[in-house]
Amino acid sequence: MTRDGLGLLAANACFLAAGAGLSRPLGLWRSPHELPAVLAVAYVAGVAAVGIGATLLLLAGLALTVWQVLLLCALLAAAGFLPVSLGASLDAPLPSTRSVRRLAAAVAALLGIYLLGLLARSWYEPLFHWDAWAMWTLKARAIVLLDGLDLRVFAADAYRSLHLDYPLFVPALEAIDFRFMGRIDTRVVDAQFWFLFVGFLGAAAQLLRDRVQAVVLWPALLLLGIAPSLAIQLRWSIADFPLALFFGLAGLAGWRYLESGRAPFAALLALFGGAAWATKREGLAFVVLLYVVLLVFALVRRAPVVPLVLAGAASLVAILPWRIWVRAHDLEPAELPLGKAVNPSYLLDRTDRVGPALSGLAEQAFKPGWWLAVLPLFLVATALALRSRNGRPLGIFVLCLVGLMFASLLWAYWGDRPEIDQHVAHTARRVVTSALVVSGLFLPLLAAQLGRHEPQSRDLSKE
């Protein structure tokens with residue numbers, strides 16, 4: 001396992017190098033001494049870019065060998081030498097007293113200790129979730145053993161039950177890990193999700209440091225980081241977990257663009273939104289809703305719309321080639337036609353599904369054993385923000401986003417075919433993850449807005 005662990009570390013070092021290089025032209029840093037302050041954002045950006053690139057390499061007929069991945073990471077890292085930049089680097093943290101910094105450091109240390117415990121557990125615990133064995137990691141093993149997208153697996157009728165139409169981000173990422181390990185080790189590979197989780201929490205802290213005092217930011221991240229559902233899904237090694245992390249950062253980057261107008265945030269929105277699209281099919285609706293809400297708010301606030309349109313087009317690069325490949329190989333599942341799903345008479349005949357779907361989603365979202373108090377605190381903070389001139393724009397934005405996400409889940413259950421009680425019991429606890437992660441990420445931002453005396457943006461209610 002030591003050799004396999006070193007291989008996993010080497011793969012993630014390559015992701016970090018790729019993200020560090022890519023993040024410089026995106027405007028996150030300009031000189032080497034600024035890089036440590038954005039290292040977590042750079043790492044997650046590297047995972048996103050390499051994962052998307054690996055999917056495209058597979059579609060091009062390559063096998064994700066070590067040298068191919070090294071070349072991809074080297075090209076991304078070389079972007080750091082380009083004499084271009086989208087804008088200024090991220091702002092410095094808000095000033096605070098020494099006692100406040102010590103308190104924030106103590107809370108961050110508690111989160112770090114907890115994360116180390118998760119690593120110790122995931123490092124030695126083998127895969128045990130059915131979906132990981134039968135879908136995500138199985139595809140990664142097939143990529144390694146058959147040297148790419150062998151049609152005997154990835155386009156075969158015998159494997160259609162494995163959701164062959166699902167994007168390949170997670171299998172490609174795990175296949176890269178296996179390549180660097182030199183063999184297929186299903187005990188160590190789930191630690192990849194741990195690295196991504198740590199990077200996600202660090203990236204959130206770095207994206208919010210100039211808007212939220214550390215004494216507010218780190219307790220909020222601790223609350224989200226220790227949510228039992230995230231620890232459980234990390235161990236499951238299924239795609240809902242990285243989908244939620246990428247989408248949460250995309251939502252955060254989108255809002256930061258709206259309030260600041262800075263192009264680097266639009267670039268991060270494009271990258272993280274594309275990664276969410278490339279991770280799981282269910283991410284399609286969430287990312288579309290995010291772009292719709294962002295465009296509406298940009299129009300209302302008279303913010304530049306072109307960067308958002310360009311970000312959406314860039315995100316499409318992550319998923320459009322895969323959708324073309326799926327259609328070319330006739331892998332589209334026999335699902336309910338969209339026409340029926342939006343047909344009022346069809347939905348009215350199935351209103352008996354609404355109650356179980358609503359109760360199932362609410363039960364999982366408010367369940368203390370899964371999410372602690374993330375959603376109740378988010379709702380309280382949002383309600384207070386809506387009553388505050390300073391926090392109202394952010395409150396409206398995040399309430400629209402989270403509300404539409406839950407509405408899309410309800411609509412999916414309402415119009416779907418499987419027996420509703422069993423369907424909700426099997427899926428609700430993981431499909432709410434993205435909405436809860438967004439709620440947890442915006443909680444410290446909402447709290448910070450409530451404490452400000454001067455409005456940071458115009459009051460949407462008067463526009």
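Note that the numbering runs from 1 along the sequence shown for the chain.
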Does some side-chain heavy atom of [Y] sit less than 4.5 Å from a side-chain heavy atom of [X]?
X: Ile143; Y: Pro171; answer: yes
X: Pro25; Y: Leu86; answer: no
X: Arg24; Y: Glu34; answer: no
X: Leu94; Y: Val212; answer: no
X: Ser408; Y: Leu289; answer: yes
X: Phe378; Y: Val402; answer: yes
X: Leu230; Y: Trp371; answer: yes
X: Leu149; Y: Leu168; answer: yes

I'd like to know if the side chain of [X] and the backbone of [Y] have a donor-acceptor N/O pair within less than 3.5 Å.
X: Arg353; Y: Tyr413; answer: yes
X: Lys280; Y: Ile238; answer: no
X: Arg430; Y: Gln233; answer: no
X: Glu174; Y: Ala140; answer: no
X: Arg262; Y: Tyr257; answer: no
X: Trp29; Y: Ala20; answer: yes
X: His329; Y: Leu331; answer: no
X: Arg209; Y: Ala37; answer: yes

Please report the C-alpha distance between Asp150 and Lys139 in whole Å, then the side-chain angles of each, then the deciding distance to 0.1 Å, and finally whether the salt bridge (charged side-chain N to carboxylate O under 4.0 Å, His left out) criterion is met. CA-CA 10 Å; Asp150 194 307; Lys139 293 177 181 177; over 6 Å; no
More than 12 heavy atoms of other groups within 6.0 Å of [X] [atom1]:
X: Arg102; atom1: CZ; result: no
X: Arg327; atom1: CZ; result: no
X: Phe406; atom1: CZ; result: yes

Euclidean distance, [Y] [atom2] relative to [X] [atom1], rounded to 0.5 Å:
X: Asp157; Y: Asp330; atom1: CG; atom2: CG; answer: 8.5 Å
X: Asp185; Y: Leu8; atom1: CG; atom2: CG; answer: 9.5 Å
X: Leu409; Y: Trp414; atom1: CG; atom2: CH2; answer: 14.5 Å
X: Ser439; Y: Leu379; atom1: OG; atom2: CG; answer: 7.0 Å
X: Arg235; Y: Arg121; atom1: CZ; atom2: CZ; answer: 3.5 Å
X: Thr137; Y: Ile184; atom1: OG1; atom2: CD1; answer: 10.0 Å

Could you walk me through whether Arg256 and Asp210 pass salt bridge (charged side-chain N to carboxylate O under 4.0 Å, His left out), step by step? CA-CA 11 Å; Arg256 291 305 311 271; Asp210 61 333; 3.0 Å; yes
Determine, stepwise, if the pair Glu282 / Tyr166 fulfils side-chain contact (heavy atoms from CB on, under 4.5 Å). CA-CA 9 Å; Glu282 284 83 345; Tyr166 276 16; 3.2 Å; yes
Does anything in residues 266-294 pair up under ring pair (Phe, Tyr, Trp, His ring centres under 6.0 Å), and if so which pairs, sequence neighbours excluded?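 Residue pairs with at least one partner in residues 266-294: Phe247-Phe286.
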Pairs touching residues 182-213 that satisfy ring pair (Phe, Tyr, Trp, His ring centres under 6.0 Å), sequence neighbours left out: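 Sorted pair list: Phe197-Phe241.
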Distance-minimising heavy-atom pair for [X] and [Y]:
X: Ala250; Y: Gly273; result: CB-N, 3.7 Å
X: Leu308; Y: Leu294; result: CD1-O, 3.6 Å
X: Pro356; Y: Asp421; result: CB-OD1, 3.6 Å
X: Phe169; Y: Ala278; result: CB-O, 2.9 Å
X: Val216; Y: Ala447; result: CG1-CB, 4.0 Å
X: Met405; Y: Ala435; result: CE-N, 3.5 Å

Using the rule given for side-chain contact (heavy atoms from CB on, under 4.5 Å), can you reason through Leu173 versus Phe15, listing the C-alpha separation, both sets of side-chain angles and the distance that settles it, and then say yes or no? CA-CA 10 Å; Leu173 199 62; Phe15 302 155; 3.7 Å; yes
Report all side-chain donor-acceptor pairs from residues 360-369 shorter than 3.5 Å, counting only partners two or more places apart or in another chain.
none

Intermediate values then yes/no, side-chain contact (heavy atoms from CB on, under 4.5 Å), Val41 and Ser23: CA-CA 8 Å; Val41 181; Ser23 59; over 6 Å; no
For Trp325 and Trp322, I'd like to know if the aromatic rings sit close, meaning centre-to-centre distance below 6.0 Å.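 So the answer is yes for these two rings.
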Donor-acceptor pairs under 3.5 Å, side chain of residues 43-60 to any protein atom, not counting sequence neighbours: which ones?
{"from": "Tyr43", "atom 1": "OH", "to": "Asn12", "atom 2": "OD1", "distance (Å)": "2.5"}
{"from": "Thr55", "atom 1": "OG1", "to": "Gly51", "atom 2": "O", "distance (Å)": "3.0"}

side-chain contact (heavy atoms from CB on, under 4.5 Å) between Leu223 and Leu443, worked out: CA-CA 10 Å; Leu223 176 68; Leu443 180 57; 4.1 Å; yes
Donor-acceptor pairs under 3.5 angstrom involving side-chain atoms of residues 69-83: please list them, not counting sequence neighbours.
none

Using side chain to side chain contact (heavy atoms under 4.5 Å, CB included) as the criterion, list what pairs up with Ile324, not counting sequence neighbours. Leu320
